[in-house]
Amino acid sequence: MPKHESNEVMTFKAIPHSFFCRPAELVAPDLIGCKLVKKKADGSLLSGVIVETEAYSQAEPACHGYKRRTPSNETLFGDPGHLYVYLTYGIYHCTNVVTDRNGWASGVLLRAVAIAGESERVASGPALLSRYFDLNCSHDSCFISVENGLWLAERSASASMQKIVSTTRIGISEAKELPWRWYLQASRSVSKRAKGDRCPPLANSWRPIGGTGQ
DNA sequence: TGAAGGATTTGT
DNA sequence: CAAATCCTTCAC
């Protein structure tokens, strides 16, 4: 690997695989503040800070793998550390990270990321995030790794200090009461806030380092 | 073989 | 608040 490229990748140190080998409801909050990184065709890196996630597990009925194992949800039952990407409402893609263990359907839905230097809403929602990173069904079952050009990177020290809100999941009809959605309280890139939680003012809002203040 | 229903987004 | 839009699942 060329020296400059090595340095660039070092800025986005990959999360160890063992991180994903835990229940989704433990991985999901831990992913807040971490970075989603993609190496583009021209060699440059696209990255954003994860500000909102949801956990899904075979044990609860909102999970795609709750009823049975089928070709369409196969990836969710597979090895942790892979992407589970599916089409929803005929037009949108949603991207998950498979967690826990092989044979047990569970994953974390990536709902929103904050992009430095971009409008705060460009990846504020699971389908918007997928579109921004150009993730679609062709990426389903893709293993997350630097070698594959798509990976998750560790939190910066500043992101670790931020307050995380836990609340109920969005857009589901079952298990609505489970508080399995998490988001960065101070981010304006969160897709929808919990009742009573007001959006922070622009001047004080958290943003990824390198941001322009939008 | 057909109908129902989405882990969403957008515009009214 | 309803439409867009299509794949998967489930009922008949």
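Lettering of chains follows the sequences in order, A, B, ..., and the numbering in each one begins at 1. These values consider heavy atoms only, across backbone and side chains, with no hydrogens, waters or symmetry-generated copies.
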Taking atom types as modelled, find out whether A:Thr75 and A:Ser141 have a side-chain donor-acceptor pair closer than 3.5 angstrom. no

Within the 3.5 Å criterion, strictly below it, is a donor on A:Ser106 or A:Thr99 matched to an acceptor on the partner's side chain?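 The criterion, which ignores hydrogens and geometry beyond distance, is satisfied for A:Thr99 and A:Ser106.
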
Check: A:Asn96 side chain, A:Val98 main-chain N or O, donor-acceptor pair, under 3.5 Å: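 Not a single qualifying donor-acceptor pair exists.
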
Checking A:Asp42 side chain against A:Ser44 main chain: does a donor-acceptor pair fall under 3.5 Å? yes

Let's see if you get this right: which residues in residues 123-142 of chain A place a heavy atom under 4.0 Å from DNA chain C? none

One thing to verify: whether A:Glu60 and A:Arg169 come together as a salt bridge, which I'm taking to mean a side-chain N less than 4.0 angstrom from a carboxylate O. yes

Before accepting this row, confirm whether a basic side-chain N of the pair A:Arg188/A:Glu120 lies closer than 4.0 Å to the acidic partner's carboxylate O.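 A salt bridge is present here (some side-chain N lies under 4.0 Å from a carboxylate O).
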
For a side-chain contact (heavy atoms from CB on, under 4.5 Å) with A:Arg111, tell me which candidate from A:Leu128, A:Leu129, A:Thr53, A:Ile170 qualifies. A:Ile170

Please name all residues satisfying side chain to side chain contact (heavy atoms under 4.5 Å, CB included) with A:Thr70, sequence neighbours left out, ordered by chain then number. A:Arg68, A:Ser72, A:Asn73

Holding to salt bridge (charged side-chain N to carboxylate O under 4.0 Å, His left out), I want the full list of residues that pass it with A:Arg155, two or more places apart in sequence or in another chain. none

Quick one, A:Tyr132 and A:Leu46 - any side-chain contact, counting heavy atoms below 4.5 Å?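 The answer is yes; the side chains approach within 4.5 Å.
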
Would you say that A:Thr95 contacts A:Phe133 through its side chain, given a criterion of any heavy-atom pair below 4.5 Å between the two side chains? no

dist A:Ser124:OG -> A:Tyr183:OH (nearest 0.5 Å) comes out at 12.0 Å

Solution key, residues 28-36 of chain A side-chain donor-acceptor pairs under 3.5 Å, sequence neighbours excluded:
{"residue": "A:Asp30", "atom": "OD2", "partner": "A:Arg22", "partner atom": "NH1", "Å": "3.0"}
{"residue": "A:Asp30", "atom": "OD2", "partner": "A:Arg22", "partner atom": "NH2", "Å": "3.1"}
{"residue": "A:Lys35", "atom": "NZ", "partner": "A:Glu154", "partner atom": "O", "Å": "3.3"}

List in chain and number order the residues that pass side-chain hydrogen bond (donor to acceptor under 3.5 Å, both in side chains) with A:Ser189, two or more places apart in sequence or in another chain; answer none if no residue qualifies.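 Counting only residues at least two positions away or on another chain, A:Ser189 forms no side-chain hydrogen bond (donor to acceptor under 3.5 Å, both in side chains).
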
Give, ordered by number, those residues of residues 103-110 of chain A having at least one heavy-atom distance below 4.0 Å to an atom of DNA chain B; if nothing qualifies, reply none.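 Nucleic-acid contacts, sorted: A:Leu109.
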
Which of residues 28-36 of chain A have a heavy atom under 4.0 Å from DNA chain B?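 Under 4.0 Å from DNA chain B: no residue of residues 28-36 of chain A.
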
Pair up each side-chain donor or acceptor in residues 172-181 of chain A with any protein partner under 3.5 Å, not counting sequence neighbours, and list the distances.
{"residue": "A:Arg181", "atom": "NE", "partner": "A:Thr168", "partner atom": "O", "Å": "3.2"}
{"residue": "A:Arg181", "atom": "NH1", "partner": "A:Glu52", "partner atom": "OE2", "Å": "2.8"}
{"residue": "A:Arg181", "atom": "NH1", "partner": "A:Lys192", "partner atom": "O", "Å": "2.7"}
{"residue": "A:Arg181", "atom": "NH2", "partner": "A:Lys192", "partner atom": "O", "Å": "2.8"}

For nucleotides 5-12 of chain C, just jot down a letter per nucleotide in 5' to 3' order: B, S or -, based on protein non-hydrogen atoms under 4.0 Å. BBSSSS--

Work out which heavy atom in A:Ala59 is nearest to a heavy atom in A:Trp104; give both atom names and the distance.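 The answer is N-CZ2, 3.6 Å.
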
For C:dT5 versus B:dG2, give the span between their P atoms, rounded off to a whole number of Å.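 Going atom to atom, P in each nucleotide, I get 22 Å.
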
Heavy-atom contact window of chain A on DNA chain B, given 5' to 3' at under 4.0 Å: B:dG6 to B:dT10

In short, side-chain hydrogen bond (donor to acceptor under 3.5 Å, both in side chains) pairs touching residues 76-87 of chain A with sequence neighbours left out are A:His64-A:Tyr84, A:Asp79-A:Asn102

Consecutive-pair stems (at least three Watson-Crick or G-U pairs, under 3.5 Å) that include DNA chain B: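 As far as DNA chain B goes, consecutive pairing (with distances under 3.5 Å) yields the stems B:1-6 with C:6-11, B:8-11 with C:1-4.
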
